[in-house]
Every structure is written in C-alpha cells, then in structure tokens.
Amino acid sequence: MTGTRSAITFAWLLLLPALVYILAIVGYPLIDTINLSFTDASLRPTVNFVGWENYEDIFNAEFGGIILRTIVWTTFSVGLKILIGTCGALLLNAAIPGRTLFRILTMPPWIIPIPIGVFAWGWLYNGQFGMISAILEGLGLTSGPTEFLAYGNTAFWSTIVTDVWIGVPMVTMYLLAAVQSIPKDLYEAAWTDGANRFYRFRRITLPMLLPAIATMSTLSLIFTFNSFDIIWILTGGGPRGQTTTMIIDTYKTAIGSYKYGAGAARAVMICLFLSVFCFFYFRLINKVSRQGA
C-alpha cells in the first residue's frame, strides 16, 4: 500500500509542471475572461459589474442567426474536409505510379501562408478579372461577370470552399498515416476469403479509421469554428453580415466596438458551444466504435 501511494505521489510530481503550465496558460486567461464577461469593460477607465446583462444581450434574434450560420458553416466545411480527406488518403495509399509526387502536390494549400492563399481565392472570386467568373461566362453558364463575394449566398459558400481548400491537405495526410497503420494481414485474409473491395472497406478500413476520423473531426471542428482570417480577409463578415460567424461577431464587438465585456461574453459562449459539442460528439463516436467492434 505504501509503495502504491509513493508511486501515485511520484506520478503527480511528474505531472505537476504540466499542470502548472496549463493553469498559467489556459486556466488563468479563461477565468479572467469569464470575470470580464460580467462587466461593462470598454475604453472607459471605470469598469462596472453588470451581472448577466452581456449574456442577455447575446440571445437576440440577430445572434440566433449568427449561431445558426456558424453551425452551418462549420458543419459543411468540416464534413467536406473529412469526406475529401478520406477519399484522398485512400487514393494516395493506392499502389499507383508517381504516388510520391501526388502526395507532394497535396501539400501547397497547407504550406502556403493562409493570408496569401485567401488573397489568391479573392482574386479568383473577383467578377471583373477573376478566373472563375471568366470560365463560367465562357461556358455560357452566366450572362456576365459574377461577383461571388458581393452577394450573401455566394459569399457564404465561397468562404466554405476556401476553408476546405486550405484544410483538406492536413486531413488527408493525417488519415493517410492512419490508413498505412492498418495491418496488411487483415486485407490479405479478407481477400483470401473472397471479400470484395467494398466489403473490405466497410469491415476493415472504415472501422480502423474511426478513431483517427474522430480525432481529426474534433480538431478540424475547433479550428473551423474559430476560423477568423479566411472570412475576415475575403468578406469582413459581409455583405450585410451574411458571412458573420460567432468568432467574427466576437471580434467586431470586442475590438471593433471596444465592448470588451460583451466580447468576453461571446468568447465564453464559443467555449461552451465547443465543449458541449465535443462531449456529445465523442460519446457518439465511442458508441459507434463499440457497435463496430
């Protein structure tokens, strides 16, 4: 018993530096942000406690639309990244000539600095000299220049396409590593038993990939939900707020309007949304994994 207690104490001593680091880097800012969210902090020198007023102001019709827009934006973006990334990982794992070259060619969207890549997409979306508008007009699909970023619907989907383009390489490389870690003996045994390609994918590849897909989905969800630079560079949250997500609204409130207390309340709401989603998402994935096993 004494030896067990000593081992536990030694383990906590080993964890102590990491715990102190987490509390200093994550814990203190989080607590400070929560405290700030209950005040009317701004450029004024005086700061007053306002209770739940900032949170009550959040739940209005406009912010409800922002929440829904953020959920749709994140869902489609993450879903497309996982779908395209999974397909890309399976294709890059296939025994085809030039496989190494194809793997290298998937990396530029991830390697290029995000602002540069977003500016390039902004040029492609331009109606006057952008390539996409010119191609559509040349094919007769449009009767004239199309300003993709000037209208709410097209601007919204344009930001999703850009985000997917930037995020797919990371998902592909991560899932490719997961695919390559699957034991080849499983495929050989299934092939010997006469299993076709689809059956091998459904009964071997997909179940073995679920943990990696769950991890990458969670990471991608957090990155996408908090994505700021792509939307801000392309549209600034416009036109007429049609691409304003929760993180853009938080920035506009805290930095643009100098309402630090209200902005802190929005930041706390973002943290709660992500925490709740990740909790239920992991429960769902664990349930699916147990059923698959």
Using a 3.5 Å distance criterion without hydrogens, assess whether the side chain of [X] forms a donor-acceptor pair with backbone atoms of [Y].
X	Y	answer
T253	T250	no
T235	I231	yes
N35	I31	yes
N226	I222	yes
S37	I34	yes
R266	M246	no
S181	A178	yes
T159	F156	yes
T154	Y151	yes
S133	T146	yes

- Task: Kindly check if the number of other-residue, nucleotide or ligand heavy atoms within 6.0 Å of OH (Y28) is above 12?
- Result: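 Counting neighbours around OH of Y28, 12 or fewer heavy atoms of other residues, nucleotides or ligands fall under 6.0 Å, so no.
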
- Does CZ belonging to F10 count more than 12 external heavy atoms closer than 6.0 Å? no

- Item | Ring geometry between Y125 and W121 (parallel below 30°, tilted from 30 to 60°, perpendicular above 60°) | tilted

- Query: What orientation do W52 and F38 show, parallel under 30°, tilted 30 to 60°, or perpendicular over 60°?
  - Reply: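 Perpendicular, since the angle between the ring planes exceeds 60°.
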
